Trainee: 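Take a look at this one; I'll ask things after.
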Amino acid sequence: MIAKDVALDLYRRMVRIRIFEEKTAEVWHQGLISGEVHLYVGQEAVSAGVCAHLRAEDPVEADHRGHGPLLAKGVDMKRMMAELLGRKTGLCQGKGGHMHLFDRSLRFGSGGIIGGALPLALGSALANKMRRQNLVSVVFFGDGAANQGAFHESLNLAAVWKLPVLFVCHDNRWAVSVPKSYSTAVPWNAQRSAAYGMPGEVVDGMDAVAVYNAAKPLIERARRGEGPSLLEATCYRFRGHFETDNMAYLPPGELEEWKAKDPIPKLARQIVEQGWGSNQDLERIKAEIQSEVAKAAEFAESSPWPEPELASKHVFV
Amino acid sequence: MIAKDVALDLYRRMVRIRIFEEKTAEVWHQGLISGEVHLYVGQEAVSAGVCAHLRAEDPVEADHRGHGPLLAKGVDMKRMMAELLGRKTGLCQGKGGHMHLFDRSLRFGSGGIIGGALPLALGSALANKMRRQNLVSVVFFGDGAANQGAFHESLNLAAVWKLPVLFVCHDNRWAVSVPKSYSTAVPWNAQRSAAYGMPGEVVDGMDAVAVYNAAKPLIERARRGEGPSLLEATCYRFRGHFETDNMAYLPPGELEEWKAKDPIPKLARQIVEQGWGSNQDLERIKAEIQSEVAKAAEFAESSPWPEPELASKHVFV
Amino acid sequence: MTRELTFAEAIHEAIEQEMAQDSNIFIVGEDVQLLRHPLFEKFGEERVINTPISETAFVGAATGAAYSGMRPIVDLALVDFFAVTADQIINQMTKITYLSAGQLTVPLVIRAACGGGYGDGGQHSQALWGFLAHIPGLKVAIPSTPYDAKGLMISAIRDNNPVVFLEHKILADYWLFLLGGAARFKDAQAEFNIPAAGAKGPVPAEPYTVPFGKAEVRRQGKDLTVVSVGVMVHRALAVAERLAAEGKSVEVIDLRTLVPLDRRAVIDSVKKTRKLLVVDEDYRSYGLSGEIAATVAEEAAGSLEDFKRVTALDTPIPFSRVLEKVMLPSEGSIEAAARRMLK
Amino acid sequence: MTRELTFAEAIHEAIEQEMAQDSNIFIVGEDVQLLRHPLFEKFGEERVINTPISETAFVGAATGAAYSGMRPIVDLALVDFFAVTADQIINQMTKITYLSAGQLTVPLVIRAACGGGYGDGGQHSQALWGFLAHIPGLKVAIPSTPYDAKGLMISAIRDNNPVVFLEHKILADYWLFLLGGAARFKDAQAEFNIPAAGAKGPVPAEPYTVPFGKAEVRRQGKDLTVVSVGVMVHRALAVAERLAAEGKSVEVIDLRTLVPLDRRAVIDSVKKTRKLLVVDEDYRSYGLSGEIAATVAEEAAGSLEDFKRVTALDTPIPFSRVLEKVMLPSEGSIEAAARRMLK
Ligand SMILES: Cc1ncc(C[n+]2csc(CCOP(=O)(O)OP(=O)(O)O)c2C)c(N)n1
Ligand SMILES: Cc1ncc(C[n+]2csc(CCOP(=O)(O)OP(=O)(O)O)c2C)c(N)n1
Ligand SMILES: [Mg+2]
Ligand SMILES: [Mg+2]
């Protein structure tokens with residue numbers, strides 16, 4: 001069981017992601033965002049349930065599908081949307097973009113090379129451990145990344161060094177068009193934690209409360225200095241791999257089946273049933289976020305482009 | 001239990017390695033071999049016990065400590081020793097050397113990058129599988145290599161593709177000066193096979209008969225097309241990492257303790273006790289090999305150097 | 001019989017024709033059953049093999065298969081991902097033939113998309129051929145037209161050595177649709193400045209090869225030599241066109257392969273024009289532009305009066321398209337340099 | 001106070017002095033508690049950290065620690081192993097500062113041994129600085145004397161960007177003992193042609209820096225400019241010495257850092273001598289020699305009368321020392337080239 005305020009907080013985090021991502025899709029299709037976008041729609045419960053336990057100073061690393069973790073950690077949507085549009089006012093002044101979102105104030109970073117973020121998360125954890133700060137580093141990655149060498153090296157080294165890291169694997173069943181069932185020799189990546197002597201758990205990533213409860217002891221454990229663990233959350237990317245994915249490779253019915261498990265209405269039902277809040281309360285939250293997202297989009301679209309000189313800055317500091 | 005001829009065959013393979021390696025050390029210290037040499041003394045039972053099951057066409061890949069597997073597979077010692085001395089008559093005309101031993105006739109290759117050989121072994125196995133040849137690829141590597149990303153990617157892919165590969169890990173407790181107990185988050189790498197849904201076994205690598213019996217079903221399984229497996233053999237490198245290793249980092253007594261388990265006298269005792277052969281028989285084998293090794297060294301030392309033009313050949317064919 | 005094919009269709013045809021007549025050829029990589037769906041339909045899962053995201057394992061496996069008698073085509077998706085499997089390419093694949101003194105050969109093609117210009121950010125838009133061409137034992141082919149794409153791919157497949165075949169995303173339309181969302185734009189050609197002659201062109205139906213190490217003079221000229229490769233060849237041609245209207249005569253050389261490099265073609269042209277401009281989409285320093293300069297300096301130092309290079313800056317590739325345009329070479333920056341040299 | 005130190009002692013002293021006054025500096029890598037034993041004794045296992053053979057994980061961890069406030073020194077053992085962690089270097093470490101628009105900085109040193117000449121084979125003797133210098137966002141330092149070794153290492157440690165510091169095994173004696181078995185030879189100096197001035201030399205006891213991007217003219221001359229780095233600087237000096245006896249005046253420039261590159265020093269010298277010979281131990285094509293040629297061609301094309309390069313061949317490094325001597329540059333090949341240019 002969880003407390004009322006936790007439930008509402010989880011709901012707010014998920015709605016933040018959902019509405020932001022839907023807006024991002026809209027803007028992308030208008031041609032205002034260049035390149036790829038890998039949206040987080042459908043996976044909201046994972047980032048919400050994990051990030052609800054984090055402090056601003058807890059480092060987070062994410063992959064190409066990184067909007068969820070960043071939004072769940074409480075980023076300023078204006079600067080995030082501006083970055084997606086490549087504007088001067090963006091988090092990285094337009095230099096990073098969708099796959100390279102960095103927010104120093106939240107100790108957040110992301111990248112587009114599969115598996116590339118795992119070793120980096122060890123580094124912030126090592127620094128925090130050396131400085132006796134009881135902070136926890138979290139790294140989000142996909143089921144596809146779990147077959148990269150970096151996964152193996154990072155989990156082993158985190159265990160050997162007993163680092164405060166939580167490895168969160170989005171098991172959304174697919175790596176672009178390749179199913180996890182084909183690419184991964186075991187049913188659950190969580191089983192692989194045994195190869196590193198660390199706890200590993202599978203949780204229903206379509207259930208924010210379940211994720212919240214599963215992540216809690218693992219993060220607390222890391223904070224107490226008892227070492228890393230692996231959390232695998234089953235989930236699904238409702239919009240496909242990226243916005244140009246026609247999903248022709250999906251088995252018939254799979255998408256619908258997963259959409260029926262949408263984590264947001266699910267939590268909404270729980271909230272109302274438990275009497276934690278009314279439908280009006282939830283509508284109010286949505287409305288608030290809708291206007292926050294609208295403002296962010298306006299801000300981004302009306303923001304200036306970076307000045308050309310910026311292209312040659314920041315190579316060395 | 002094993003048959004008499006198997007026991008004598010294992011004994012011969014081990015003695016071949018031991019005497020060749022002792023000669024190599026001698027020649028190296030004379031300055032006739034340049035660079036590093038990583039000798040196999042102490043680990044003979046592993047290569048002998050595994051290679052006794054192999055056909056000439058079964059591909060074998062090895063690492064920097066690759067003399068054992070190559071000798072156990074039955075290489076022409078003359079050409080091998082000549083290669084170590086960088087001579088024209090060597091396996092690779094002097095271009096490969098100690099860490100890059102290739103013998104096409106035995107489908108043998110080796111390299112000096114830790115973990116680098118594992119993916120290559122998948123390739124020969126894939127080719128053999130595609131051609132419906134029931135051959136088995138064996139790759140030998142160390143406990144240190146098991147923490148390289150290539151280990152993880154290769155075991156997973158071999159399992160996914162159900163390739164005829166046997167992964168043989170020399171668990172000699174050390175990676176240069178770093179103990180396995182420090183670098184590896186689990187006691188046994190064999191446990192890691194569970195992360196790939198393949199069989200994994202630990203065997204006493206100081207006991208040739210034990211290795212032979214442990215490898216047998218795994219190789220037969222692969223030959224039947226039932227997929228890869230992992231065999232971890234506990235063993236020890238009596239001469240240290242390489243010939244310049246003073247082994248100052250070893251816990252007192254560890255080396256002696258392991259030398260007491262020398263696999264060659266151990267098998268000799270078994271042979272005599274079981275009545276498979278007399279001490280004289282064993283001495284005769286030793287004498288034969290001594291002269292084979294002596295001839296190989298003579299051949300190598302009296303062989304010509306490669307002609308300078310060879311330096312620019314074989315970049316492209 | 002010659003038809004108009006897109007750049008991507010030309011590559012596909014080359015592979016299909018070769019696979020049809022050599023059963024040792026197979027394709028391996030992530031999502032190949034999707035990306036190469038017609039080949040998957042035709043040749044099946046035994047010869048068009050999906051992989052996990054394990055580049056080290058499957059690139060190494062392809063190498064091992066190659067020296068075991070097969071002829072793999074490794075689909076690396078984007079050249080940026082070479083970095084995760086660099087050891088298998090730098091220290092294994094390209095060294096085995098030499099270190100084994102020719103006992104083992106590695107007939108293998110790495111197919112990868114390269115290049116920027118559509119705003120995909122720092123880890124997905126690189127050229128990186130400067131790295132690849134610096135590796136002994138690796139050939140590097142970079143077509144700029146559908147004709148060359150087919151001919152160079154067939155040469156690559158028939159070569160008994162490792163070859164990297166780079167297809168630029170601005171030319172290979174399906175990449176622009178997948179990664180650039182080209183379908184969003186009313187005029188994708190304008191949006192990405194897609195060179196017509198590179199994206200679509202005449203391609204003979206029958207198999208043919210374009211030889212490695214043979215540059216193509218795309219335009220004859222006498223006042224300035226421009227050397228380039230890939231998409232930038234078309235940018236240079238557009239500039240040459242414009243300058244021709246003003247009576248300035250620019251020669252444009254398309255290298256087509258960086259290894260082997262047709263040094264002779266560059267030297268002969270520079271002896272004629274005495275001025276050399278290298279246009280390179282890869283990072284500026286320690287790469288292609290330097291090698292071209294050294295080539296001329298070695299053999300024709302005396303005849304080189306003026307040398308410039310228009311290249312990607314020595315910076316990572318910025319996401320924002322306004323910055324990307326500054327960081328990558330463009331017709332604007334090429335024209336500016338050419339004009340300075342023609343003064 | 002200045003004493004004679006070996007090349008290795010100079011590097012050690014630099015690190016020890018910096019670690020003593022900045023507790024954020026730590027060393028991480030395989031076998032560092034053995035290889036850097038005195039530092040391990042002094043600073044303990046919290047600051048001299050052994051690792052598994054997991055270069056991707058510990059190089060990435062060092063990057064993450066660097067932008068989290070630490071100043072790691074990554075001990076990569078041999079530069080050849082860069083390939084297994086290339087992605088962490090090419091796509092992560094060196095891009096983060098730029099892509100984050102300076103929000104994150106990566107003050108990190110990669111220390112690695114490089115070079116051949118002792119018969120250790122194709123995967124353990126490479127130079128590879130051509131690759132490293134081609135990576136935007138990475139500085140590359142290659143000392144040739146104990147004095148520079150200390151000064152460049154201190155500069156590297158104090159730099160707020162990623163720096164690769166390459167120590168040549170022919171200069172760093174402990175590597176020759178470990179990998180070359182130097183102790184086996186009555187006259188190791190002769191066996192490996194160890195340049196006295198590189199292996200041992202005067203080093204101030206107090207901390208000091210040698211600036212990046214500032215080449216050193218090791219020998220003044222007017223007839224020919226030889227540009228090199230690392231051990232080859234000493235080979236070039238030996239040749240210059242010999243030629244001086246015949247009244248030929250050769251200028252020898254030691255670049256010291258490839259990134260940043262002191263282009264001015266090269267250009268000024270060539271304007272004087274009009275002849276340029278680049279000596280490079282790395283693979284020939286698409287590397288250092290090309291970049292130097294381009295530098296001169298850009299700014300002084302007119303004054304360059306003759307250009308040659310003596311480099312490692314575009315082949316893997318053969319094991320047999322008789323072949324290695326042919327494949328790598330040597331005093332013999334340098335002298336031959338210089339004589340041709342001085343005719
Ligand atoms: C090293 C590397 N290889 C391939 C790619 C191309 N790629 C981008 S996303 C992706 C699939 C990732 O799958 P997963 O890790 O499960 O994350 P998901 O997209 O499902 O969230 C691939 C193959 C890449 N970015 N990096
Ligand atoms: C990728 C890589 N990193 C580091 C090294 C340096 N090195 C050579 S052997 C060795 C130890 C290998 O240990 P293990 O795999 O257990 O084999 P063993 O030497 O014990 O037989 C190391 C670190 C290397 N050759 N390759
Ligand atoms: Mg996935
Ligand atoms: Mg070991």
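Note: hydrogens, waters and symmetry copies are ignored here, and every other heavy atom, side chains too, is used. A, B, ... follow the sequence lines: proteins, then strands. Residue 1 opens every chain. Please read all numbers here as calculations on a predicted model, not as lab measurements.
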Trainee: Which bit of A/Glu61 comes within less than 4.5 Å of chain D, counting heavy atoms only: side chain, backbone, both or neither?
Mentor: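 For A/Glu61, side-chain heavy atoms alone lie under 4.5 Å from chain D.
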Trainee: Are D/Glu46 and A/Arg131 close enough, and set up right, to give a salt bridge (charged side-chain N to carboxylate O under 4.0 Å, His left out), and what steps lead you there?
Mentor: CA-CA 11 Å; D/Glu46 274 237 332; A/Arg131 299 167 155 212; over 6 Å; no
Trainee: Check whether any side-chain heavy atom of A/Phe102 sits under 4.5 Å from a side-chain heavy atom of D/Ile96, and report yes or no.
Mentor: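 Side chain of A/Phe102 against side chain of D/Ile96, heavy atoms only: contact under 4.5 Å found.
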Trainee: Against chain D, work out which of A/Gln93, A/His152, A/Glu83 has the most heavy-atom pairs shorter than 4.5 Å and name it.
Mentor: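 Greatest number of close heavy-atom pairs with chain D: A/Gln93.
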Trainee: Looking at D/Ala101 and A/His314, what are the two nearest heavy atoms and their distance?
Mentor: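 Shortest heavy-atom contact: O-NE2, 3.3 Å.
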Trainee: Chain A: which of D/Lys95, D/Met93, D/Gln88 shares the most heavy-atom pairs with it under 4.5 Å?
Mentor: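 Ranked by heavy-atom pairs under 4.5 Å with chain A, first place is D/Gln88.
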Trainee: Would you confirm whether D/Gln103, through its side chain, and A/Leu91, through its main-chain N or O, come within 3.5 Å as a donor-acceptor pair?
Mentor: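 Yes: the side chain of D/Gln103 pairs with the backbone of A/Leu91.
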Trainee: Under 4.5 Å heavy-atom distance to chain D, tell me which part of A/Asn128 shows up: side chain, backbone, both or neither.
Mentor: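 For A/Asn128, neither part sits under 4.5 Å from chain D.
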Trainee: Tell me which of these, D/Ser68, D/Ala66, D/Ala62, has more heavy-atom pairs under 4.5 Å with chain A than the rest.
Mentor: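 Option with the top pair count is D/Ser68.
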Trainee: Give a yes or no on whether the backbone of A/Leu120 and the side-chain of D/Gln92 come within a donor-acceptor separation of less than 3.5 Å.
Mentor: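 Judged by distance alone, no pair lies under 3.5 Å.
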Trainee: Going by heavy atoms in the side chains, are D/Phe26 and A/Leu126 under 4.5 Å from each other?
Mentor: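 D/Phe26 vs A/Leu126: side chains touch.
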Trainee: Tell me whether the count of non-hydrogen atoms from other residues, nucleotides or ligands lying under 6.0 Å of CD in D/Gln21 goes above 12.
Mentor: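 More than 12 heavy atoms, drawn from other residues, nucleotides or ligands, come within 6.0 Å of this atom.
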Trainee: Hey, what do you get for OG1 (D/Thr94) to CZ (A/Phe316), rounding to the nearest 0.5 Å?
Mentor: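 Reported to 0.5 Å precision, the distance equals 9.0 Å.
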Trainee: Look at the side chain of D/Asn161 and the backbone N and O of A/Val317, then say whether any donor-acceptor pair between them is shorter than 3.5 Å.
Mentor: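 It does hold such a pair.
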Trainee: With a 4.5 angstrom heavy-atom cut-off, could you sort out which part of D/Tyr67 is near chain A: side chain, backbone, both or neither?
Mentor: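 Only the side chain of D/Tyr67 comes within 4.5 Å of chain A.
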Trainee: Could you tell me whether the side chain of D/Tyr98 and the main chain of A/Ser312 form a donor-acceptor pair under 3.5 Å?
Mentor: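 Not at all, since once roles are kept as given, no pair shorter than 3.5 Å links the two residues.
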Trainee: Step by step, work out the side-chain contact (heavy atoms from CB on, under 4.5 Å) result for A/Glu153 and D/Ile53.
Mentor: CA-CA 9 Å; A/Glu153 294 191 14; D/Ile53 309 171; over 6 Å; no
Trainee: Over all heavy atoms of both residues, which pair between A/Cys92 and D/Ser100 is shortest? Give the atoms and the distance, please.
Mentor: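 In terms of heavy atoms, the two residues are closest at SG-CA, 3.9 Å.
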Trainee: Quick check for you: among A/Ser137, A/Gly96, A/Gly116, A/Ala150, which has the greatest number of heavy-atom pairs under 4.5 Å with chain D?
Mentor: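 Counting heavy-atom pairs under 4.5 Å, the top option is A/Gly116.
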Trainee: Below 4.5 Å from any heavy atom of chain D, which atoms of A/Lys129 appear? Answer side chain, backbone, both or neither.
Mentor: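 For A/Lys129, there is no contact with chain D at all, as no heavy atom is under 4.5 Å.
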Trainee: Looking at A/Trp161 and D/Ala61, what are the two nearest heavy atoms and their distance?
Mentor: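 Nearest pair, atom of A/Trp161 first, then D/Ala61: CZ3-CB, 4.3 Å.
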Trainee: At a 4.5 Å cut-off on heavy atoms, which part of D/Val259 comes close to chain A: side chain, backbone, both, or neither?
Mentor: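 Only the side chain of D/Val259 comes within 4.5 Å of chain A.
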Trainee: Just give me the residue among D/Asn24, D/Leu99, D/Thr63 that pairs up with chain A most often, heavy atom to heavy atom, under 4.5 Å.
Mentor: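 Most pairs with chain A among the choices: D/Leu99.
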Trainee: Look at D/Val106, D/Thr51, D/Leu138 and state which one has the largest set of heavy-atom pairs under 4.5 Å with chain A.
Mentor: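 Most heavy-atom pairs under 4.5 Å with chain A: D/Leu138.
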Trainee: Of the listed residues (D/Ala57, D/Pro260, D/Pro72), which shares the most heavy-atom pairs with chain A below a 4.5 Å separation?
Mentor: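 Most pairs with chain A among the choices: D/Ala57.
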Trainee: Heavy atoms only: give me the nearest D/Pro52-A/Asn156 pair and the separation to one decimal.
Mentor: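 Minimum heavy-atom contact is CG-ND2, 3.9 Å.
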Trainee: What part of D/Val28 gets closer than 4.5 Å to chain A, counting heavy atoms only: side chain, backbone, both or neither?
Mentor: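 Only the side chain of D/Val28 comes within 4.5 Å of chain A.
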Trainee: Where on D/Asn160 is there a heavy atom nearer than 4.5 Å to chain A: the side chain, the backbone, both, or neither?
Mentor: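 Looking at D/Asn160, backbone and side chain both touch chain A.
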Trainee: What residue in A/His100, A/Lys313, A/Arg104 has the most heavy-atom pairs under 4.5 Å with chain D?
Mentor: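 Option with the greatest count: A/Arg104.
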